[in-house]
Structures are given as structure tokens and as C-alpha cells.
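This one's a predicted model, so the numbers in the text were calculated from it and none came from an experiment.
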Amino acid sequence: MRHRADRHYGAIFAADPEAHPPDSTSQSGSHWFQRGSVWLHARWLKMASPRTITIVALSFALGLFFVFMGTIKLTPRLSKDAYSEMKRAYKSYAKALPGLKKIGISSVLLRKIIGSLEVGCGIVLTLVPGRPKDVANFLLLLVMLAVLFFHQLVGDPLKRYAHALVFGILLTCRLLIARQSDDRPEREDSREEQHINDQEKNKVKQS
């Protein structure tokens, strides 16, 4: 029953820091405050860690870049010259892949699909918290691989697709860092929990 109560009050504390805990002078209250301080410490370390800062910075920068690049593919409002260049490039990609036309995918449709994916995933990377960022990251990585394949298919020089190569590497780095940072707090929390339990056992033995 005590452990159930502890989990209950811990959930209340996580959801509402203003909530009133049990009396801190009681054994249950002291135990609850100890667990609450560990929870706050773990969350603070997670928020202030270099990995978290790196992920946030990469997500914001990559998101803005892909929103910009996707918009250029979809509309000439930002840059007429860049939009015309994108139309020309995707026409050459479609010609190099005659199988696309057989399944009803024209150069215009291909460009709009890639552009829409870049804009949508870029917005998710910039604004949406949590797991959706990793999904958007993975989709954009697939898009970059497809773009690199297109450039190689038509024989473009390196300077034409260097940006896709660089941003593909950045997307890979961000995804790897995000996966590592997801696993690390769980291990730290379990170690802290085990440490508290060991302290409680020692107190019981001493008493």
C-alpha cells in the first residue's frame, strides 16, 4: 500500500507541482519528498544536458531549412529563379526514371510530394515536441537519400548535391543523439530509485 501511495503522490507531483503532499514529518511524507527531489533532479539534468541543447538546436535549424527548401519546390513566391531550377531538375529526374510515369507519377507530382514532405516534417522538427520529431527526422533522412539517388542518376557534380549530403549527415547525427538521450534518463532514474531503496533498507536494519 505504501508503494502505491508513493507512486500516486509522485504522479500528482509530476502533473501539478502546486499539489499538497503528505506531511513531511511523517515517514511516508519524508519518503515522498525524497523521491520528488530525485525526480526534479533527474528532469533538471535532462533539460540542462549538452545533448538536449544539441538536439533542440539541430531540430530548430534543420526544421527551418527543410521548410524553406520545401516551400521553394512548391511555390515561386520565395524565389522565382530557385523555383524554376527545381522544376527543371525534377523534369530531368523524371526522365531518368521512366518507371515513375508508368505508375502515374509525373515530375510535377514528384516535386510536390518531396516539397510537401519537407515542409510538413520541417514544421514538426521545429514546433512539435516528443517522438514525432524522430519520425519526421527519419522521413527527411529517407528524402535526402532519394535526392542523392536522383542527383547520382542524372550525373550531377558534387557541388549540386553537397547540401543534401551535409544535411543528411546532420539528420543522422540528430537521430542518433536523440535515441541515446532517450535511453540515458531511464537508466539514471533506475539507478536513483535503486539508491533510495538501498538507503531505506539500511534505515530499517539500523532501526
Side-chain angles (χ1 to χ4, degrees), residues 43 45-79 81-97 99-100 103 105-188:
R43 297 286 78 76
L45 286 177
K46 183 179 178 181
M47 291 176 63
S49 67
R51 287 184 178 182
T52 302
I53 296 172
T54 302
I55 291 172
V56 171
L58 278 175
S59 298
F60 190 76
L62 289 169
L64 289 181
F65 170 78
F66 282 106
V67 168
F68 176 74
M69 292 301 296
T71 304
I72 286 177
K73 292 180 177 67
L74 297 174
T75 177
R77 292 182 180 179
L78 292 181
S79 174
D81 293 337
Y83 178 73
S84 299
E85 177 62 23
M86 288 294 175
K87 289 175 65 177
R88 185 203 63 78
Y90 276 84
K91 285 180 180 179
S92 63
Y93 302 155
K95 287 181 180 179
L97 290 169
L100 292 177
I103 60 176
I105 299 178
S106 63
S107 62
V108 175
L109 182 58
L110 179 63
R111 174 169 49 83
K112 288 184 176 180
I113 290 173
I114 298 294
S116 299
L117 278 173
E118 289 179 342
V119 171
C121 293
I123 291 173
V124 172
L125 270 181
T126 307
L127 301 176
V128 180
R131 292 285 183 181
K133 283 183 182 290
D134 294 342
V135 176
N137 192 148
F138 181 72
L139 290 176
L140 287 173
L141 188 56
L142 293 180
V143 169
M144 288 298 96
L145 291 175
V147 169
L148 289 172
F149 172 73
F150 292 154
H151 283 291
Q152 288 292 318
L153 193 64
V154 298
D156 283 338
L158 178 60
K159 63 181 182 180
R160 291 291 304 275
Y161 60 87
H163 70 281
L165 187 61
V166 170
F167 281 93
I169 293 172
L170 290 175
L171 286 167
T172 304
C173 292
R174 189 215 161 273
L175 192 59
L176 291 175
I177 295 171
R179 298 307 302 164
Q180 290 177 359
S181 64
D182 284 344
D183 296 337
R184 188 176 177 183
E186 294 178 1
R187 293 194 299 267
E188 290 178 350

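- Considering OG of Ser84 and CD1 of Ile72, their distance stands at 11.5 Å, rounded to 0.5 Å.
- Side-chain contact check for Lys91 versus Met86: every heavy-atom pair is 4.5 Å or farther apart.
- Ring geometry, Phe150 versus Tyr90: the interplanar angle exceeds 60°, so the pair is classed perpendicular (tilted spans 30 to 60°).
- Listed by chain and residue number, nothing satisfies the salt bridge (charged side-chain N to carboxylate O under 4.0 Å, His left out) test with Arg77 (two or more places apart in sequence, or in another chain).
- Considering only heavy atoms from C-beta on, Phe65 stays 4.5 Å or farther from Leu140 through its side chain.
- Scanning both residues, Pro132 and Pro129, for their nearest heavy atoms gives CD-O, 3.5 Å.
- In this structure, the separation between CG on Leu141 and SG on Cys121 is 11.0 Å, given to the nearest 0.5 Å.
- Considering only heavy atoms from C-beta on, Leu64 stays 4.5 Å or farther from Phe68 through its side chain.
- Residue Phe66 forms a side chain to side chain contact (heavy atoms under 4.5 Å, CB included) with just one option from Thr71, Leu171, Leu117, and that option is Leu171.
- Note that CG of Leu78 and CE of Met69 are 11.0 Å apart. Values are rounded to the nearest 0.5 Å.
- Here the shortest heavy-atom pairing between Val147 and Ala164 reads CG1-CB, 4.1 Å.
- Note: Thr126 OG1 to Leu62 CG = 8.5 Å, rounded to the nearest 0.5 Å.
- Under 4.0 Å is where a charged nitrogen must lie from a carboxylate oxygen, and between Glu85 and Lys73 no such pair does.
- Taking NZ of Lys112 as the start and CD1 of Ile114 as the end, the distance is 14.0 Å to the nearest 0.5 Å.
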Take Met144 and Phe149 through the test side chain to side chain contact (heavy atoms under 4.5 Å, CB included) and record every step on the way to the result. CA-CA 8 Å; Met144 288 298 96; Phe149 172 73; over 6 Å; no
Decide yes or no on side chain to side chain contact (heavy atoms under 4.5 Å, CB included) for Val128 and Ile123, but give the supporting numbers first. CA-CA 7 Å; Val128 180; Ile123 291 173; 5.5 Å; no
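- Atom CD of Gln180 is separated from atom CG of Leu175 by 10.5 Å, given to the nearest 0.5 angstrom.
- A side chain to side chain donor-acceptor pair (under 3.5 Å) check over residues 144-153, counting only residues at least two apart or in different chains, returns the pairs Tyr93-His151, His151-Asp156, Gln152-Tyr161.
- Ser92 approaches Val154 most closely through the heavy-atom pair O-CG1, 3.8 Å.
- Nearest heavy-atom pair, Leu125 versus Ser59, reported as atom, atom and distance to 0.1 Å: O-CB, 3.4 Å.
- The shortest distance between side-chain heavy atoms of Asp134 and Arg174 falls below 4.5 Å.
- When side chains are defined from C-beta on, Glu118 does not count as touching Val67, because their heavy atoms never get closer than 4.5 Å.
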